[in-house]
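Input: a single structure, listed below in structure tokens.
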Amino acid sequence: MQLVFETFLERLSESIDEVDFREAMAEAAYALGLETFAYLSLPVETAAKPKLISNYPSCWTSYYLRKRYEDFDPVIEQVRCGTCPFPWGPEFGRIGSSKRQRQVFDEAAAFGICCGLTIPVVDHRGGVAAMTFAADEPDPTFLRVAERYGQALQLMAMCFHISVRRKLSGDRRVDGVKLTPREYECLQWAARGKSAWEIGGILGIRKRTASFHLDNARRKLGVRTINQAVVLLASSSSSTL
């Protein structure tokens, strides 16, 4: 388990987009015997859209979001009400549920999503998310794995949530200063020990362009060197934990 978790954290630190995050969680889950997962971050503002990162069938996830099923999905309703992980299956929430709520389960089952373990994630900023590990049937092996690694899965869910919030948020702030997505991205790579030339190669831009973004970030942060800017990035990132 330790190797799986360490590798997972390394993958998170290297992730810069949704594809990276999906592969990081899918790889860790698979190593534990869990093949299907979905991370749903609920928006704080009513008009905003939720963020969904998953290896569920894409036709189901796009349909789910288009229909705004998160507004009445019984599993998500439970997430909004508590902080403890909970298992669910075909009969979850059936008693007293509406026709639309039962429809969510019936349609999900058609895509092989019949049961699962959902972990609510609540951060100090008021953000709420759900990490779900699902299966196409209540397989005893799935249930044993979910029970055995319950605490580890909770920790992984929180680490995933914090990393996604920090790296994929449209608001790139370091020490309270707003940077452009490219400035922030270049600074992240500099924090990993990459030179401007290496950053340019990674991002598909010229060395001079990478240096330009790093210098802009440095000036906005009011420091003299890139290393000082990196220190501010590290302290700003750790303060969100």
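Below, each value reflects all heavy atoms present in this structure, side chains not excepted, and no hydrogens, waters or symmetry copies.
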Phe72, CZ atom: more than 12 neighbouring heavy atoms under 6.0 Å:
yes
Check whether any side-chain heavy atom of Met131 lies under 4.5 Å from a side-chain heavy atom of Phe160, and answer yes or no.
yes
Working for side-chain contact (heavy atoms from CB on, under 4.5 Å), residues Glu70 and Leu40:
CA-CA 9 Å; Glu70 74 277 3; Leu40 181 69; 4.0 Å; yes
Minimum heavy-atom separation for Ser41 and Ala129, please, with both atom names.
CA-CB, 3.8 Å
Check whether any side-chain heavy atom of Leu32 sits under 4.5 Å from a side-chain heavy atom of Leu153, and report yes or no.
yes
State the CG-OH distance between Asp73 and Tyr64, to the nearest 0.5 angstrom.
3.5 Å
Heavy atoms of Ala130 and Thr118 approach each other most closely as CB-CG2, 4.1 Å
Val121 and Asp123: side-chain contact (heavy atoms from CB on, under 4.5 Å), yes or no, with the steps?
CA-CA 7 Å; Val121 181; Asp123 61 43; 5.7 Å; no
Can you tell me how far SG of Cys186 sits from CG of Asn216, rounded to the nearest 0.5 angstrom?
10.0 Å
Have a look at Gln103 and tell me which of Glu107, Arg100, Gln101 forms a side chain to side chain donor-acceptor pair (under 3.5 Å) with it.
Glu107
Looking only at non-hydrogen atoms, find the nearest pair between Ser58 and Thr61 and report the distance.
O-OG1, 3.0 Å
Determine yes or no for a side-chain-to-main-chain donor-acceptor pair under 3.5 angstrom, with Gln228 supplying the side chain and Arg224 the backbone.
yes
Could you tell me if the side chain of Leu117 sits less than 4.5 Å from the side chain of Trp88, heavy atoms only?
no
Can you tell me how far CZ of Phe142 sits from CD of Glu137, rounded to the nearest 0.5 angstrom?
11.0 Å
Mind running side-chain contact (heavy atoms from CB on, under 4.5 Å) on Leu214 and Leu187 for me, showing each step along the way?
CA-CA 6 Å; Leu214 287 170; Leu187 196 57; 4.3 Å; yes
Between Tyr69 and Trp60, how do the two ring planes meet: parallel, tilted or perpendicular, split at 30° and 60°?
tilted
Check whether any side-chain heavy atom of Arg66 sits under 4.5 Å from a side-chain heavy atom of Tyr63, and report yes or no.
yes
Would you say Phe212 ends up clustered with Val223 if hydrophobic residues are merged whenever their side chains have heavy atoms under 4.5 Å apart, either directly or through other cluster members?
no
So, do Val4 and Thr7 sit near enough that their side-chain heavy atoms are less than 4.5 Å apart?
no
Within 6.0 angstrom of Lys220 NZ, more than 12 heavy atoms from elsewhere:
yes
Would you confirm whether Asp175, through its side chain, and Val177, through its main-chain N or O, come within 3.5 Å as a donor-acceptor pair?
no
Yes or no on side-chain contact (heavy atoms from CB on, under 4.5 Å) for Val75 and Gln78, after CA distance, side-chain angles and deciding distance?
CA-CA 5 Å; Val75 171; Gln78 179 71 20; 5.8 Å; no
With sequence neighbours left out, write down each residue that passes side-chain contact (heavy atoms from CB on, under 4.5 Å) with Val231, or none if nothing qualifies.
none
What distance do Asp20 atom CG and Ser163 atom OG have between them, rounded to the nearest 0.5 Å?
11.5 Å
Intermediate values then yes/no, ring pair (Phe, Tyr, Trp, His ring centres under 6.0 Å), Phe86 and Phe92
CA-CA 10 Å; Phe86 58 91; Phe92 181 82; 5.6 Å; yes
Heavy-atom pair of closest approach, residues Ala38 and Leu52:
CB-CD1, 4.3 Å
Determine whether Met156 and Leu12 make a side-chain contact, defined as any pair of heavy atoms from C-beta on separated by less than 4.5 Å.
no
Side chains of Ile53 and Met25: closer than 4.5 Å at any heavy-atom pair?
no
Taking Ser54 for the side chain and Phe37 for the main chain, is one N or O donor matched with an acceptor at less than 3.5 Å?
yes
Report all side-chain donor-acceptor pairs from residues 192-202 shorter than 3.5 Å, counting only partners two or more places apart or in another chain.
residue: Arg192; atom: NE; partner: Ser13; partner atom: O; Å: 3.3
residue: Arg192; atom: NH2; partner: Ser13; partner atom: O; Å: 2.6
residue: Ser195; atom: OG; partner: Glu198; partner atom: N; Å: 3.2
residue: Ser195; atom: OG; partner: Glu198; partner atom: OE1; Å: 3.4
residue: Glu198; atom: OE1; partner: Ser195; partner atom: N; Å: 2.8

Counting distance only, does the side-chain N/O of Asn55 pair as donor-acceptor with the main-chain N or O of Glu35 below 3.5 Å?
yes
How long is the gap from CZ on Phe5 to CD on Gln2, to the nearest 0.5 Å?
10.0 Å
Measuring from atom CD1 of Ile76 to atom CG of Asp71, what distance do you get when rounded to the nearest 0.5 angstrom?
10.5 Å
Is there a path of hydrophobic side-chain contacts, each under 4.5 Å between heavy atoms of I, L, V, M, F, W or Y residues, that connects Leu65 with Val104?
yes
Would you say the side chain of Lys51 lies within less than 4.5 Å of the side chain of Leu168, judging by non-hydrogen atoms?
yes
Flag the pair Glu185 and Arg182 as a salt bridge only when some basic side-chain nitrogen lies within less than 4.0 angstrom of an acidic carboxylate oxygen.
yes
